[in-house]
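The structure appears right after this line, and notes come after that.
Worth knowing before you read on, the calculation uses all heavy atoms, side chains too, and leaves out hydrogens, waters and symmetry mates. Since the structure is predicted, the reported quantities are computational estimates derived from the model, not experimental observations.
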Amino acid sequence: NSRTYIGNIRVRGTSYPDRMMKSSVNKYDTFSKKAFIDVVVQDADEVIHLASIGDKLLQFKRKVLHVINCQEDFEVLESSYKFAGVSSSCQVTTTDFGVIWANANGLFFYNGSKLKNLLDYEGTPLLNQSSWADIVVDTADSQVVVGYNPKTKDVIIMRQGTQKGGFIFNLYKKNIIELAGKFATYGSGNPIMKTNFVNTFDGTLVYGQQAAKALHYWDPAPSDDAQGIVLLQTKDIVFTNPSVRKTITSIYITFRRNNS
């Protein structure tokens with residue numbers, strides 16, 4: 001609708017953490033003090049991040065996600081999803097399929113019409129929920145950063161601070177790989193904080209490290225850390241008919257390393 005939306009605003013010294021504002025039509029940096037939007041007020045929550053897909057605006061708060069239809073002149077609250085909020089903008093990324101984000105309750109995907117937990121494959125969890133919740137926690141040292149590699153259709157989940165592990169979820173294969181030792185953790189004895197992921201003009205995924213003061217390209221190759229461990233957990237493989245018992249005689253795993 002040719003407008004800019006902003007949230008968690010401060011106007012003339014007064015903060016409105018749960019309020020949004022919209023710009024004038026085709027004037028993306030001009031905001032009137034009367035052009036505010038209160039979706040849900042006085043809910044003891046604040047706007048953390050805004051994302052869009054089509055004519056839908058996704059308003060992320062800490063505890064809930066609000067989906068707002070912006071097709072007409074007036075914004076309409078279309079739906080709300082409890083337990084789908086985030087604590088930081090770095091937990092949300094936009095892909096060519098839709099918006100994806102991570103919190104302690106799952107890895108969520110919204111395509112403009114439907115919300116789905118990517119860790120739930122046809123009723124079967126890809127990961128143990130308690131293990132995932134222990135990893136994705138709301139602290140600066142363990143907070144996750146979510147990015148997207150459009151070339152491989154991989155969603156990258158990187159842990160912050162002293163944590164050097166993460167996950168890769170492939171949107172085509174619907175499998176998730178847990179990484180241990182993939183990301184550097186210490187510089188001069190202190191935890192290395194990483195920035196959010198950013199895609200360059202050609203889609204390359206990059207992020208910055210505080211200690212190195214430089215940008216790093218996301219490298220999908222296996223880590224060369226001698227202590228690194230890659231844990232691969234697939235969906236349930238039922239070979240078409242889940243009710244028939246099967247006998248597996250062999251499993252082949254193909255991998256690649258730098259010197260091979």
Is [X] reaching over with its side chain to a backbone N or O of [Y], donor-acceptor style, under 3.5 angstrom?
| X | Y | value |
| --- | --- | --- |
| E75 | C70 | no |
| R159 | G166 | no |
| K116 | F109 | no |
| D154 | I156 | no |
| N170 | N175 | no |
| S89 | I48 | yes |
| N103 | G85 | yes |
| N117 | F108 | no |
| W101 | V146 | no |
| T93 | G147 | no |

Hey, what do you get for [atom1] ([X]) to [atom2] ([Y]), rounding to the nearest 0.5 Å?
| X | Y | atom1 | atom2 | value |
| --- | --- | --- | --- | --- |
| Q59 | L77 | CD | CG | 8.5 Å |
| Y5 | L50 | OH | CG | 10.5 Å |
| I168 | W218 | CD1 | CH2 | 4.0 Å |
| K22 | F36 | NZ | CZ | 11.0 Å |
| F197 | I157 | CZ | CD1 | 9.0 Å |
| L57 | R3 | CG | CZ | 12.5 Å |

Using side-chain heavy atoms (C-beta onward) and a distance below 4.5 Å, is [X] in contact with [Y]?
| X | Y | value |
| --- | --- | --- |
| T4 | D29 | no |
| Y16 | T14 | yes |
| S113 | N111 | yes |
| S2 | Y28 | yes |
| D96 | K153 | yes |
| I68 | K56 | no |
| R19 | V47 | no |
| W132 | P125 | no |

Contacts of type ring-ring contact (aromatic ring centres under 6.0 Å, His included), residue Y148, not counting sequence neighbours: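 Result, ring-ring contact (aromatic ring centres under 6.0 Å, His included) vs Y148: none returned.
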
Consider only side-chain heavy atoms of I, L, V, M, F, W and Y, link residues closer than 4.5 Å, and tell whether [X] and [Y] are in one cluster.
| X | Y | result |
| --- | --- | --- |
| I9 | F31 | yes |
| L118 | V99 | no |
| L107 | L171 | yes |
| F97 | F169 | yes |
| M20 | V64 | no |

Taking all atoms of both residues into account, what is the closest heavy-atom pair of [X] and [Y], and its distance?
| X | Y | answer |
| --- | --- | --- |
| Q71 | N69 | N-OD1, 2.9 Å |
| S87 | R62 | CB-NH1, 3.5 Å |
| L126 | K174 | CD1-O, 3.5 Å |
| A102 | V144 | CB-CG2, 4.2 Å |
| P150 | G203 | CD-O, 3.2 Å |
| E78 | Y110 | OE2-OH, 4.1 Å |

Could you list the residues that satisfy salt bridge (Lys or Arg N to Asp or Glu O under 4.0 Å) with D120, not counting sequence neighbours?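 D120 satisfies salt bridge (Lys or Arg N to Asp or Glu O under 4.0 Å) with no other residue.
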
Under a 3.5 Å cutoff, is there a donor and acceptor pairing between the side chains of T204 and K151?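 On atom types as modelled, these side chains qualify, holding a pair under 3.5 Å.
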
Is a side-chain donor-acceptor pair under 3.5 Å present for S15 with R10?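 Checked: R10/S15 side chains pair up, N/O donor to acceptor below 3.5 Å.
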
Full working for salt bridge (charged side-chain N to carboxylate O under 4.0 Å, His left out) between K63 and D43: CA-CA 10 Å; K63 303 175 183 178; D43 59 351; over 6 Å; no

Applying the side chain to side chain contact (heavy atoms under 4.5 Å, CB included) criterion to Y207, which one of V198, V145, T195 satisfies it?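 Of V198, V145, T195, side chain to side chain contact (heavy atoms under 4.5 Å, CB included) with Y207 is met by T195 alone.
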
